[in-house]
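What follows is a set of notes on a single structure, which appears directly below.
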Amino acid sequence: GLAGILLAVVLARHMTHPINALNNTVQRFSVHQDIGELPIQRQDELGQLARSFMALHNQIKQQFNELQRSHSELETLARHDELTNLPNRRLFLERLESALARAKRTGQPLALLFIDLDKFKDINDSFGHEAGDTVLKSVASRLSAHVRAVDTVARLGGDEFVVLLENLTDTDKVAEIADKLYRSMHEPLAYADQILHMSISVGVALYPQDGQTLDQLINKADQAMYRAKADPEQRIHFVNPPEFFI
């Protein structure tokens with residue numbers, strides 16, 4: 001009888017501990033948690049169950065990671081222009097809203113530059129849409145090369161771009177930056193066997209003097225850009241021109 005009791009205790013421990021481990025693992029089951037040790041070395045049914053559970057956990061964790069990567073990629077596509085990889089209108093509006101909130105809090109001015117390509121339709125009509133895409137990518141690259149990392153260059157759609165300049169210590173510098181962006185387009189662009197020439201019109205609005213809300217700044221900069229496009233002598237127009245451009 002004693003031998004039988006001892007044997008029962010040994011068998012109970014031999015079976016109960018692995019079962020408890022599996023039970024605890026099931027209770028902690030999550031892609032974010034360590035599932036702990038499982039009796040995967042056992043060669044009986046419990047070991048087979050433990051190995052199957054481990055494989056299931058690893059598979060679910062891998063699928064969850066792939067789902068997160070896909071979600072991140074979709075978020076990037078939703079906020080970036082597919083052709084130029086610049087922020088699109090949605091992301092630009094989010095950044096402008098945040099920039100205005102910071103500017104109101106810190107008292108530092110910011111500048112909004114609306115940019116439109118001159119005679120872009122002629123390039124598409126004469127050389128085809130692939131040439132037009134090449135021009136748009138070149139414009140995006142040249143604009144990005146002449147602003148700081150904290151600034152935003154975005155494509156709103158078509159041949160319209162926008163540049164958001166934050167944390168300005170001197171608004172007089174905006175005129176110099178706008179001039180650099182304008183002059184960066186003067187370098188001819190090689191496409192196939194052709195040489196393409198680019199030009200832009202720039203409208204500039206400053207916070208807070210030209211507008212204190214998102215809509216006000218956008219409308220003012222847009223209007224200034226159309227005045228620049230209509231002026232063959234001066235392709236950069238400020239809402240209130242600084243002396244640099246008078």
Side-chain angles (χ1 to χ4, degrees), residues 75-76 78-81 84-118 120 136 139-186 198-246:
E75 282 292 314
T76 299
R79 285 176 163 79
H80 289 79
D81 175 59
T84 63
N85 202 36
L86 291 176
N88 61 13
R89 180 183 294 272
R90 176 182 173 183
L91 181 54
F92 158 68
L93 292 176
E94 292 176 0
R95 291 188 178 180
L96 177 56
E97 187 173 7
S98 298
L100 283 172
R102 285 191 295 271
K104 291 176 182 178
R105 186 172 61 252
T106 63
Q108 287 187 305
L110 61 80
L112 187 61
L113 284 65
F114 255 57
I115 298 171
D116 190 84
L117 272 69
D118 298 327
F120 179 67
L136 292 174
V139 170
S141 177
R142 296 184 188 191
L143 293 177
S144 300
H146 288 83
V147 298
R148 303 163 300 173
V150 297
D151 300 323
T152 295
V153 178
R155 182 188 176 201
L156 301 185
D159 59 344
E160 290 185 340
F161 294 81
V162 66
V163 176
L164 173 61
L165 305 175
E166 294 190 65
N167 301 324
L168 297 174
T169 57
D170 185 357
T171 54
D172 291 339
K173 296 292 184 181
V174 177
E176 298 178 14
I177 295 173
D179 189 55
K180 286 181 180 179
L181 296 178
Y182 176 76
R183 294 181 185 279
S184 70
M185 302 300 159
H186 287 183
M198 300 181 297
S199 177
I200 58 175
S201 297
V202 184
V204 185
L206 302 176
Y207 170 87
Q209 54 264 48
D210 298 332
Q212 298 190 13
T213 68
L214 182 148
D215 290 336
Q216 288 174 350
L217 280 176
I218 290 177
N219 291 335
K220 292 289 187 179
D222 191 37
Q223 293 170 12
M225 182 271 292
Y226 277 105
R227 289 200 303 272
K229 188 170 284 289
D231 185 356
E233 300 297 327
Q234 182 54 264
R235 291 296 189 181
I236 302 174
H237 270 243
F238 280 65
V239 175
N240 293 296
E243 294 182 359
F244 185 86
F245 279 103
I246 294 178

In the structure I gave you, are the side-chain heavy atoms of Leu181 and Val202 within less than 4.5 Å of one another anywhere? no

Under 3.5 Å, is there a donor-acceptor pair between the side chain of Lys220 and the main chain of Phe238? no

Got a donor-acceptor contact below 3.5 angstrom from the Ser98 side chain to the Arg95 backbone? no

Side chains of Phe161 and Leu113: does their closest heavy-atom pair fall under 4.5 Å? no

Taking all heavy atoms of Ser184 and all of Arg142, pick out the closest pair and write down the distance. O-NH1, 3.1 Å

What one should report as the nearest heavy-atom pair of Gly158 and Leu136 is O-CD2, 3.7 Å

Backbone of Glu160 reached by a side-chain donor or acceptor of Arg155 within 3.5 Å: no

Is the shortest side-chain heavy-atom distance between Ile115 and Val139 below 4.5 Å? no

Can you tell me how far apart CG (Leu96) and CG (Asp215) are? Round to the nearest 0.5 Å. 9.5 Å

Calculate, to the nearest 0.5 Å, the distance between atoms CG and CZ belonging to Leu110 and Arg102 respectively. 9.5 Å

Minimum heavy-atom separation for Pro109 to Leu168, with atom names? CD-O, 3.2 Å

Establish, from distance only, whether the side-chain atoms of Asp116 and Ser201 form a donor-acceptor pair under 3.5 Å. no

Start with the C-alpha distance between Asp179 and Arg183, add both sets of side-chain angles, then the distance that settles salt bridge (Lys or Arg N to Asp or Glu O under 4.0 Å), and finish with yes or no. CA-CA 6 Å; Asp179 189 55; Arg183 294 181 185 279; 2.8 Å; yes

Count the heavy atoms of every other residue, nucleotide or ligand shown that sit under 6.0 Å from CD of Gln209, and state whether that count exceeds 12. yes

Non-hydrogen side-chain atoms of Leu143 and Met185 separated by less than 4.5 Å: yes

Only residue of Val174, Val147, Val204, Thr152 satisfying side chain to side chain contact (heavy atoms under 4.5 Å, CB included) with Val163 is Val147

Name the residue from Asn88, Val162, Ile218 that meets the side chain to side chain contact (heavy atoms under 4.5 Å, CB included) definition with Leu93. Ile218

Considering residues, nucleotides and ligands other than Lys173, do more than 12 of their heavy atoms fall under 6.0 Å from its NZ? no

With a 4.5 Å cut-off on side-chain heavy atoms, are Phe114 and Leu156 touching? yes

Can you check whether Leu214 reaches Leu100 side chain to side chain, under 4.5 Å on heavy atoms? yes

Check whether Arg148 reaches the backbone of Glu166 with its side chain - one donor and one acceptor, N or O, closer than 3.5 Å. yes

Separation between CG of Asn85 and NE2 of His80, rounded to the nearest 0.5 Å: 6.0 Å

Does any non-hydrogen side-chain atom of Ile200 lie less than 4.5 Å from one of Arg235? no

Measure the spacing between CZ of Arg89 and CG of Asp81 and express it to the nearest 0.5 Å. 11.5 Å

Between Gln234 and His237, the two heavy atoms sitting closest are O-CD2, 3.2 Å

Does the side chain of Phe92 reach to within under 4.5 Å of the side chain of Leu86, using non-hydrogen atoms? no

